[in-house]
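Below: one structure in structure tokens.
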Amino acid sequence: MSTTATLATLSDSDLAADPNWWRQAAVYQIYPRSFADSNGDGLGDIKGITAKVPYLKELGIDAVWLSPFYPSALADGGYDVDDYRNVDPKLGTLADFDEMAKALHSAGIKLIADIVPNHSSNRHEWFQEALASPRGSAARDRYIFRDGLGENGDLPPSDWDSVFGGPAWERITEPDGTPGQWYLHIFAKEQPDLNWANREIRDDFLKTLRFWSDRGVDGFRVDVAHALTKDLTEPLLSKLELTEANSGTDGFDDGSHPFWDRDEVHDIYVEWREVFNEYNPPRTAVAEAWVHATRRARYASPEGLGQAFNFDLLQADFDAEEFREIITRNLAEAKQTGASSTWVFSNHDVVRHATRYGLPKAAKGPADKKLAKGQDGKAWLLAGGPKDELDVELGERRARAATLLMLAVPGSAYLYQGEELGLQEVADIPDSERQDPAFFRNKGVEVGRDGCRVPLPWKVEGASFGFGDGGAHLPQPDWFSKYAVEAQDGTNNSTLELYRKALKLRRELQAEEELEWIETGNPEVLHFSRPGGWQSVTNFGDTAVDLPAGTVLLTSDPLEDGKLPANSTVWLR
Ligand code: GLC
């Protein structure tokens, strides 16, 4: 299943119609509220994105993935959706959306919309109707309502925790004012879980998929794709029973969890695929599914969503052996399913990789596999981001090296806004300014994800560093100035120029989805080639190494006396 023509040999109209456009696409994630603010209200918006289309084109990406832009009270940064078929008035209008889609398409950039099917917001008209309707009503059946335990029903139906901390059940007040039933929310209490056993929910989402596809959306990123179907047959297992029943080392590996990764979830995606295939080219989808590695491929099947995020590199340390194992395994898996692999280092949910890689490596204890999962930076954030533990320069060098390596591997590469600037995580956001429900619901355990969601710096100085004429909805530190687009644009060896060159070359060099490892005799150095003689070498070690034969195309940092320095990558041909 490899594309035979290279992207460079396809015209723009061929590309627009190419059903395989997604296989090796570089996809740039925009977190709309923090990208660019056109009206100075401190929140990024749709018009702000449209104004930056020339920037995106020059960057050289193939597609934009837009995080939720729907009407929302922002209890979870927009992942609490009030209306699936509209644009948040704080961000613009449907007409603004159409204009943005048109501008992106004219620039040869595809558009992927984030879709949030597991839960709506508590302000959604369905939930409001459920609150106003009696027990057992059709309106309640769109969500997951249960009577409480105990004599007066004042204990939750189970002791489950929500992902953001605190209980996963919330009690409501019945229309007559008495304490009432409980509803399930795997995430924040403002995000009630929808009941996917209800046909009306299924049909309504098919309508939503067509609504955006008709407006020119080329694909969908499916939020929490692994949670939609649930088996809540009573009695519900307790937390302890669930832990004991966990057969895998890294999550359930047999589909027996009451809500994560049940086999029936794929029936939903078979229906979605039928809708995707009504379009030409078919709409694409990528699953966000944090499941046991052995079960990820099911989400990526061509009869289902077609592609699934692989977060393995994101969870790895900057380590040659780990990188090689992950790449080898995932490429083999992709071959089996017919999907292409996906690669990602940063997104709106994790500490930026330029910061993670500047932190000491995680202790590798075989006793605790989770610990070995490494440089995730959460503990460092919780400690207030101690400066003496972070080596900013090292983090940025490694991030550039890792990204250049990733962009040479077959598959699609997902990039998160600001990483092309080498942007660091903001660790010192005052508690009073934090927005993430993970901070409020999980006090003292983690500080949440606001540090990677701070509005981008476009200019070296001025109001909110060019983000907009007003302020920024999360505080930008002074050091943002040196990362600004303006500071890096046209500057030799800047991270931005590196991304631009790499993305351009990647299009020219991209060939069949093959990779061949070349043994280096040095466990700290990874070397591979792609068809057509494109080679990538990464030095994970502490000392410079000799280059193999070939013409140097690009380096993540300048060579040292003709050698590849520590923590850097070179492309050759
Ligand atoms: C996904 C999103 C995350 C959100 C959660 C609940 O994991 O990436 O940002 O908080 O789903 O919708």
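Heavy-atom basis, side chains included; hydrogens, waters and symmetry copies ignored. Whatever order the structure lists them in is the order used to number ligands and atoms, beginning at 1.
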Practice problem: In plain terms, say whether Asp80 and Arg123 are close enough for a salt bridge, that is, a side-chain N and a carboxylate O under 4.0 Å apart. | Solution: no
Quiz prompt | For His119, atoms of ligand 1 separated by under 4.0 Å from a heavy atom | solution = 6 (C), 12 (O)
Exercise. Number the atoms of ligand 1 from 1 as they appear, then name those within less than 4.0 Å of a heavy atom of Arg449, with their elements.
Key: 3 (C), 4 (C), 9 (O), 10 (O)
Exercise. Among all protein heavy atoms, pick the one closest to atom 10 (O) of ligand 1 and tell me residue, atom and distance.
Key: Asp76 OD2, 2.6 Å
Exercise. Name the closest protein heavy atom to atom 8 (O) of ligand 1, giving the residue it belongs to and the distance to 0.1 Å.
Key: Asp349 OD2, 2.5 Å
Practice problem: Would you mind checking which non-hydrogen protein atom is closest to atom 7 (O) of ligand 1, with the distance to 0.1 Å? | Solution: Glu288 OE2, 2.7 Å
Quiz item: Is the closest heavy atom of Phe164 to ligand 1 under 4.0 Å?
Solution: yes
Quiz item: Do Arg23 and Ser412 have side-chain N/O donor and acceptor atoms under 3.5 Å apart?
Solution: no
Practice problem: Apply side chain to side chain donor-acceptor pair (under 3.5 Å) to His185 and Tyr143, showing your working. | Solution: CA-CA 10 Å; His185 59 90; Tyr143 293 90; over 6 Å; no
Exercise. Provide the number and element of each atom of ligand 1 under 4.0 Å from a heavy atom of Phe187.
Key: 5 (C), 6 (C)
Quiz item: NZ of Lys90: more than 12 outside heavy atoms within 6.0 angstrom?
Solution: yes
Practice problem: Check each atom of ligand 1 against the heavy atoms of Arg453 and keep those under 4.0 Å away; list them by number with element. | Solution: 9 (O)
Exercise. Please confirm whether Asp223 comes within less than 3.5 Å of ligand 1 when only nitrogen or oxygen atoms on both sides are compared.
Key: yes
Exercise. For Lys207, look at atom NZ and say whether over 12 heavy atoms of other residues, nucleotides or ligands are found less than 6.0 Å away.
Key: no
Quiz item: Step by step, would you call Arg356 with Asp317 a side chain to side chain contact (heavy atoms under 4.5 Å, CB included)?
Solution: CA-CA 9 Å; Arg356 295 200 311 265; Asp317 279 331; over 6 Å; no
Quiz item: Using 30° and 60° as the class limits, which term best fits the ring planes of Phe220 and Phe276: parallel, tilted or perpendicular?
Solution: parallel
